[in-house]
2 protein chains.
Amino acid sequence: MASHGARSRSGGRPTLEEVAARAGVGRGTVSRVINGSPRVSDATRAAVEAAVAELGYVPNTAARALAANRTDAIALVVPEPETRFFAEPYFSDMLKGVGAEISETEMQLLLIFAGSDRERRRLAQYLAAHRVDGVLLVSVHADDPLPDLLSQLEIPAVISGPRSAAETLPSVDSDNYGGGRSAVEHLLAGGRRAIAHITGRLDVYGAQRRVDGYRDALRDAGHEVDERLIEPGDFTEEGGRRAMTKLLARRPDLDAVFAGSDVMAAGARQVLREEGRGIPSDVALIGYDDSAIARHMDPPLTSVRQPIEEMGRHMIDLLLTEIADRRPAVSRGLERRQVVLATELVARASS
Amino acid sequence: MASHGARSRSGGRPTLEEVAARAGVGRGTVSRVINGSPRVSDATRAAVEAAVAELGYVPNTAARALAANRTDAIALVVPEPETRFFAEPYFSDMLKGVGAEISETEMQLLLIFAGSDRERRRLAQYLAAHRVDGVLLVSVHADDPLPDLLSQLEIPAVISGPRSAAETLPSVDSDNYGGGRSAVEHLLAGGRRAIAHITGRLDVYGAQRRVDGYRDALRDAGHEVDERLIEPGDFTEEGGRRAMTKLLARRPDLDAVFAGSDVMAAGARQVLREEGRGIPSDVALIGYDDSAIARHMDPPLTSVRQPIEEMGRHMIDLLLTEIADRRPAVSRGLERRQVVLATELVARASS
DNA sequence: AGGTACCGTGGGAGCGCTCCCACTTGTGAT
DNA sequence: ATCACAAGTGGGAGCGCTCCCACGGTACCT
């Protein structure tokens with residue numbers, strides 16, 4: 001008597017072997033059918049599929065993971081506290097795109113927050129245990145060690161928003177430079193001349209690029225760039241307020257503000273209101289992200305739209321390719337996989 | 001030569017066996033140390049721990065799952081579209097509590113949305129594959145088949161918000177009845193007499209209980225309940241607007257409104273404003289959830305606070321107990337595990 | 001006719017762990 | 001000194017799958 005066989009297993013789920021017996025074929029054949037191999041005759045496939053249905057067979061993921069050395073899961077890592085995740089529409093839109101795309105596959109998506117030190121350590125453990133086949137990294141700051149850890153562990157990863165122009169990881173980004181340009185060009189076209197810019201956190205590459213776009217748009221139109229019109233923000237509403245206050249003090253004559261995010265634009269708006277400046281009569285205001293805030297603001301906010309959901313889709317695609325390429329230890333793909341998606345200016349009443 | 005050994009394994013991670021060799025002990029001993037068994041001498045334990053550190057050993061989860069028939073993961077299942085998840089602070093607070101509590105353990109938390117039919121089917125597959133040791137169910141409607149599926153698969157589960165008074169699953173809830181009572185008592189104490197109630201979706205048990213609390217509070221204070229003062233909502237802002245409009249039409253003399261959620265209160269507020277009714281001068285308004293909306297409303301909204309984060313913590317505790325109890329096939333715990341937490345009325349300017 | 005090429009198939013070996021039995025050694029009771 | 005028992009340990013068996021080799025059969029070539 002098999003003493004081990006008596007170990008209480010959960011609900012006696014059918015195994016591959018049992019399906020094979022039922023279908024009158026070998027284990028290998030069932031495995032082939034389950035995994036969609038083409039090297040199975042139609043008759044056999046039908047027989048196996050019938051057996052699978054009758055027995056209600058569902059593959060044991062753990063066994064598969066052990067034997068095949070893959071987990072069929074990928075993680076969406078958010079190196080931020082949960083709070084920010086929920087506060088910013090960026091993340092939820094991203095998640096929506098990612099979720100939609102991944103549901104086309106057999107892969108499982110895990111959402112992991114790594115805001116605190118403690119969470120970081122857990123994440124490191126988790127990655128070291130290779131519990132996922134790949135990682136999606138969103139909102140990574142320039143000095144974050146996470147990407148290095150990932151490449152050291154040889155875990156495929158895709159980053160949203162490259163950390164610099166020299167990003168080595170495959171990445172998906174929107175055209176921040178072009179977005180910045182279009183905002184300024186729009187304001188210039190509206191006859192504005194003293195255009196201020198409240199930047200995002202400058203350790204975020206995308207924020208830098210928006211500044212570059214701002215500068216170049218002005219120069220190309222034959223205007224000089226007055227550094228007093230540029231004030232760094234931090235993507236928060238409060239930061240927007242502070243920046244707006246400073247700008248107003250330095251250049252009371254400004255007639256337009258391009259904020260690096262809708263949230264900062266909201267902060268700026270408050271200050272402009274308090275100072276009695278009409279929007280857009282006295283000062284035109286334009287944000288970035290085209291989030292719900294923009295639509296609901298009074299007046300509705302002109303904003304630069306990033307196709308965030310689409311970015312999420314692309315990230316999954318890149319990652320899956322990356323994972324698939326990892327199988328044969330061939331070609332370290334020198335063709336850098338960097339996707340950049342176009343932005344779109346959504347004009348509303350604020351400009 | 002072992003032809004299979006050549007299979008390209010990921011990065012040659014150290015195995016239990018290698019740790020054992022390094023520490024000069026057997027496999028079993030290392031396993032005991034890793035799993036914190038007390039039946040190991042201190043000296044041996046130290047040696048093993050040293051070997052683990054030197055080799056950077058991390059257990060292979062798949063192998064462990066296969067051998068031990070557990071996954072060390074639990075899922076938080078949200079039977080709603082992502083959109084609602086992000087829109088309602090309820091979920092993020094819940095997630096915060098759950099996340100905090102689970103990070104005390106070795107368990108992994110998965111977030112699964114099951115809003116669409118398609119997602120439902122994926123979830124069913126997922127559960128059938130027993131990829132998690134237990135499930136946390138939030139926001140389940142009365143007729144949802146999910147709980148049955150779970151019990152059929154013998155997967156431990158805990159529900160937030162029982163589906164009815166006869167809920168069989170372990171559950172964690174706040175005292176909706178008491179919350180409803182306290183809202184009404186507060187309004188009565190403020191001298192209000194014609195108190196309306198905009199209910200939540202009545203297929204949500206908690207919403208029913210709030211209505212019960214509303215009714216009983218009025219009766220106990222010697223007032224009759226006028227059914228024209230009760231109008232069902234659906235937890236949305238638009239629903240709040242609609243309900244408020246109807247109530248005003250039916251009982252223009254009402255002097256207070258108890259809304260079943262802050263979001264609905266926000267909708268009600270808009271209508272009251274449009275009708276020129278002052279808050280709280282003409283009509284006192286009170287919400288439920290004490291969400292961010294309540295604090296930022298104009299005027300700030302009195303609301304009934306549920307300790308959602310704490311509820312999340314309790315859910316994890318219950319679930320872990322449930323999972324642990326599942327090991328020996330003993331006592332089908334007849335002592336129903338139902339936790340009910342107290343609510344708290346937060347008085348602000350709207351009442 | 002024999003040879004060569006597949007195709008479809010069966011099943012051994014092995015993935016890295018846990019579980020449990022059997023064994024050795026140390027301790028205290030007799 | 002002898003026995004009983006516990007504490008600590010080693011390692012076989014097995015979890016359910018994938019991978020790959022080997023095999024028989026059919027089709028096509030020379």
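Chain identifiers are assigned alphabetically (A, B, ...) following the order of the sequence lines, protein sequences preceding nucleic acid strands; residue numbering begins at 1 within each chain. What's counted below: heavy atoms across the whole structure, side chains too, no hydrogens, waters or symmetry copies.
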How would you list, by chain and number, every residue that makes a side chain to side chain donor-acceptor pair (under 3.5 Å) with S103(A), sequence neighbours excluded? none
Can you list the residues that meet the side chain to side chain donor-acceptor pair (under 3.5 Å) rule with T71(B), with sequence neighbours excluded? D133(B)
Pull out every residue in residues 34-55 of chain B that has a heavy atom closer than 4.0 Å to any atom of DNA chain C, ordered by number, or say none. N35(B)
For nucleotides 23-25 of chain C, tabulate all protein N/O to nucleotide N/O atom pairs closer than 3.5 Å, reporting atom names and distance.
none

Between P59(B) and R32(B), the residue closer to the 5' end of DNA chain C by nearest nucleotide is P59(B)
To the nearest 10 degrees, how far apart in direction are the end axes of the helix from dA1(C)-dT30(D) to dT30(C)-dA1(D), each fit to five base pairs? 40°
Could you list the residues that satisfy salt bridge (Lys or Arg N to Asp or Glu O under 4.0 Å) with D144(B), not counting sequence neighbours? R120(B)
Under the rule for salt bridge (Lys or Arg N to Asp or Glu O under 4.0 Å), what residues qualify as partners of E101(A), not counting sequence neighbours? R313(A)
Quick one: side chain to side chain donor-acceptor pair (under 3.5 Å) partners of R163(B), sequence neighbours excluded? E167(B)
Give me, pair by pair, the N or O atoms of the protein and of nucleotides 22-24 of chain D that are less than 3.5 Å apart, along with how far apart they are.
none

Run the side-chain donor-acceptor check on residues 42-52 of chain B: report pairs under 3.5 Å with partners two or more places apart or on a different chain.
| unit_1 | atom_1 | unit_2 | atom_2 | d |
| --- | --- | --- | --- | --- |
| T44(B) | OG1 | S41(B) | OG | 2.7 |
| R45(B) | NH2 | S37(B) | O | 2.7 |

Name all pairs fulfilling the salt bridge (charged side-chain N to carboxylate O under 4.0 Å, His left out) condition that reach into residues 20-36 of chain A, sequence neighbours left out, sorted by first residue then second. R22(A)-E54(A)
In chain order, what residues pass the side-chain contact (heavy atoms from CB on, under 4.5 Å) check against E80(A), with sequence neighbours excluded? V78(A), R84(A), F91(A), S139(A), H141(A)
